[in-house]
Number of protein chains: 2
Amino acid sequence: MATIYDVARMAGVSPATVSRVFNGVGVSVAKVAAVRQAAEQLNFTPNRTARTLRRQSSEVIALVIPDIENPYFTEMARGVEDVASEAGYSVVLCNSDAQVEKESTYLRIAIAEHMSGVIVAAASDRTNLDELLGTGRPVVAVDRSTGHDIDGVVMANRDAGLSATENLIESGYRRIAHIAGPEHIETAAERAEGWRRALAAHDLPSEGLLRFSSFRVDGGREVMEELLALPEPPDAVVAGNNLIGVGAIQVLTERGLTPPLVGVAVIGSLPFTTLSPSLVTVVRLPARHMGVMAARMLLDRISGDDQPARTVVLRNELLPASVSR
Amino acid sequence: MATIYDVARMAGVSPATVSRVFNGVGVSVAKVAAVRQAAEQLNFTPNRTARTLRRQSSEVIALVIPDIENPYFTEMARGVEDVASEAGYSVVLCNSDAQVEKESTYLRIAIAEHMSGVIVAAASDRTNLDELLGTGRPVVAVDRSTGHDIDGVVMANRDAGLSATENLIESGYRRIAHIAGPEHIETAAERAEGWRRALAAHDLPSEGLLRFSSFRVDGGREVMEELLALPEPPDAVVAGNNLIGVGAIQVLTERGLTPPLVGVAVIGSLPFTTLSPSLVTVVRLPARHMGVMAARMLLDRISGDDQPARTVVLRNELLPASVSR
DNA sequence: ATGAAAGCGCTAACAG
DNA sequence: CTGTTAGCGCTTTCAT
């Protein structure tokens with residue numbers, strides 16, 4: 001690999017001048033031309049590692065998410081990436097697999113690699129950002145808030161749970177279960193709270209109808225089966241996220257209980273569903289937009305913005321099933 | 001951030017010794033203990049950028065894929081990540097968005113950041129690896145082969161197209177269309193070739209029944225609509241990948257032509273489908289395994305293996321629909 | 001086994 | 001506008 005010295009020699013200038021050419025500072029047109037030509041000829045690319053070491057920061061941001069196979073998070077990643085790459089930043093995607101240890105490893109790498117900032121969807125409420133924040137790096141929380149006083153972008157989760165449930169109530173369902181995500185994850189708890197409130201407001205029963213699960217397809221399947229095995233099974237169900245929804249609908253379909261025979265409302269979109277869209281209620285969560293907002297806030301912080309921490313709450317959109325029992 | 005010098009001073013040793021402690025070379029137990037304790041106290045993490053600059057290589061590999069929102073590729077990414085992280089490597093995921101220019105940018109970053117190797121699912125047949133290969137870095141092609149003489153892992157695409165089509169023929173369908181991916185993408189062309197052969201072998205018509213599209217849901221939807229508008233519409237369809245399959249099934253469902261009314265075979269899994277699995281034929285492609293194999297080959301190369309280039313072809317598994325017309 | 005010292009390739013004062 | 005120079009933090013000879 002050619003270095004800045006090779007280019008300098010070939011162009012008959014000093015290494016500093018070559019550096020300047022590649023960093024947009026004032027250099028005479030003649031030398032710029034000479035340097036560019038030499039660089040071209042030598043196939044020179046500035047060595048980012050050296051630049052990073054010298055500058056103590058790199059144009060890379062880390063995005064740490066708990067499940068790279070969940071379309072909700074990949075949609076969000078697209079939003080982050082679009083904003084970041086527009087601004088000349090690269091995004092490295094890290095999959096914490098919902099494990100705090102893996103998450104810590106990636107956060108440590110972000111520090112050790114001098115990345116400029118981090119966007120993190122916390123693996124759990126035990127996520128520890130102290131070390132990262134101690135380095136002064138900007139960090140933005142997405143999807144789930146953390147215990148720390150930092151910028152964040154979250155969904156209106158309680159509202160989502162509430163409106164999903166109310167929609168089912170309006171459609172005439174009366175025994176509405178909720179398959180929530182893990183109990184210690186904020187989004188899950190909040191959505192469950194919304195579900196509970198909706199039922200309470202309409203004097204409907206909730207006892208025995210709330211189940212915590214994993215935010216995954218098999219979690220949704222398992223719990224749906226349990227619910228159907230109940231002496232008095234529910235006539236409708238609110239799925240705590242997209243994957244739980246998929247699992248629940250799969251089980252219902254296999255049993256011939258295709259919605260709207262059993263009412264289904266899902267918190268989150270079902271991008272790859274093959275079901276006719278009018279059969280289930282969906283609360284669309286603006287995942288891409290969440291990524292966009294988070295990236296913008298992070299970039300602001302990186303360029304020195306030091307306002308007090310902000311939390312943005314994103315509204316969601318109810319797409320009611322158009323067919324009911 | 002504490003440096004190796006801070007630790008050295010505190011532990012009463014030289015910086016070189018600290019370095020040795022963190023690189024597993026022979027150091028007396030007493031000093032090891034002193035260094036570890038000092039490091040702990042100062043919360044020291046070796047600076048990777050400096051290490052990379054010095055060593056001219058980093059324990060990071062890049063994985064470049066054309067669509068991060070496609071579960072096929074994220075499943076593959078999981079396979080890569082599991083193997084890599086086991087071996088102490090981190091994986092940075094880069095989304096080329098099926099654009100050769102974005103892809104080039106990421107490949108250039110991989111060089112400039114001294115990454116140890118690259119796994120790439122080529123954006124198109126115009127993907128250019130010359131610059132990357134010129135640096136001597138190991139590169140493994142996945143999913144799609146490249147023009148270059150490098151290791152690769154691909155699916156048995158022709159076979160996949162063939163067996164998907166034959167399954168539909170056996171189920172009694174006679175007018176079988178194929179919605180393929182982009183014509184200039186190898187996987188699409190090969191699967192189409194399999195479809196064509198199956199039809200030819202059974203003296204069935206193919207004329208006007210092959211459509212190239214994008215490997216995305218809207219591509220599948222669009223073409224499915226076109227096909228249904230034909231004067232003589234097909235009675236079955238082979239979808240060129242998972243997303244095309246989703247789009248096609250969505251359109252059929254909306255028209256009340258739910259499979260098996262119209263036969264559907266999909267090349268690729270439908271992880272988030274809510275359709276009863278027995279209604280469509282699926283050719284399962286071992287995406288995770290592809291990632292695992294690719295990562296292993298790359299790691300081998302990184303540790304110096306210099307055998308001639310190998311190409312691994314992965315067999316797929318036919319999961320026939322259990323219900324037919 | 002340990003330390004001293006020389007860079008890896010780049011950028012940012014500082015002079016001129 | 002341009003060149004000289006001193007590191008960024010680490011690893012790795014080369015001595016000892």
Provide, to the nearest angstrom, the distance between the CD atom belonging to E113(B) and the C1' atom belonging to dC8(C). 15 Å

Among dA5(C), dC10(D), dT2(D), the one nearest P46(B) by side-chain distance: dC10(D)

With a cut-off of less than 4.0 Å, is there a side-chain N or O of Q56(A) near OP1 or OP2 of dT11(C)? no

Hey, which of E113(B), H114(B), Q56(B) is the one that makes side-chain hydrogen bond (donor to acceptor under 3.5 Å, both in side chains) with N47(A)? H114(B)

Does R20(B) contact dG3(C) through a side-chain donor or acceptor facing the base, at a distance under 3.5 Å? yes

Residue mapping more 5' on DNA chain C - nearest nucleotide basis, L53(B) or T17(B): T17(B)

Rounded to whole Å, CZ of R55(B) lies from P of dT11(D) at a distance of 6 Å

Spacing of N47(A) atom CG relative to dG9(C) atom C1', expressed in whole Å: 5 Å

Lys/Arg cation over aromatic F22(B): R36(B), 6.0 Å, 45° cone: yes

Test log, rule side chain to side chain donor-acceptor pair (under 3.5 Å), inputs S90(B) and E59(B): CA-CA 6 Å; S90(B) 319; E59(B) 269 98 59; over 6 Å; no

Contact class for V13(A) vs. all strands (heavy atom < 4.0 Å): base, sugar-phosphate, or nothing? sugar-phosphate

Between S14(B) and dG3(C), is there a side-chain N or O to OP1/OP2 distance below 4.0 Å? yes

Salt bridge (Lys or Arg N to Asp or Glu O under 4.0 Å), that's the test. Do D305(B) and R296(B) meet it? Break it down for me. CA-CA 11 Å; D305(B) 176 355; R296(B) 289 206 188 123; over 6 Å; no

Applying a 4.0 Å non-hydrogen cut-off, can you work out what F44(B) is touching in the nucleic acid: base, sugar-phosphate, or nothing? sugar-phosphate

note: I4(A), atom CD1; dT5(D), atom C1'; distance rounded to Å ~ 14 Å

What's the NE2-P distance between H114(A) and dC8(D), to the nearest Å? 12 Å

Quick one: F22(A) CZ to dG9(C) P, roughly how many Å, whole number? 16 Å

Does a side-chain N or O from T49(B) land closer than 4.0 Å to OP1 or OP2 of dC10(D), or not? no

Roughly how many Å is it from CD1 in I111(B) to P in dG9(C), rounded to a whole number? 15 Å

Just how far, in rounded Å, is P of dA5(C) from CZ of R54(B)? 16 Å

For a quick test of reading the model: is some side-chain N or O of N23(B) closer than 4.0 Å to OP1 or OP2 of dT11(D)? yes

Does any N or O in the side chain of D6(A) come within less than 3.5 Å of the main-chain N or O of T3(A), such that one atom is a donor and the other an acceptor? yes

Quick check on DNA chain D: between V27(A) and Y5(A), whose nearest nucleotide comes earlier from the 5' end? V27(A)

If you compare every side-chain N and O of S19(A) against the phosphate oxygens of dT11(C) (OP1, OP2), does one of them come in below 4.0 Å? yes

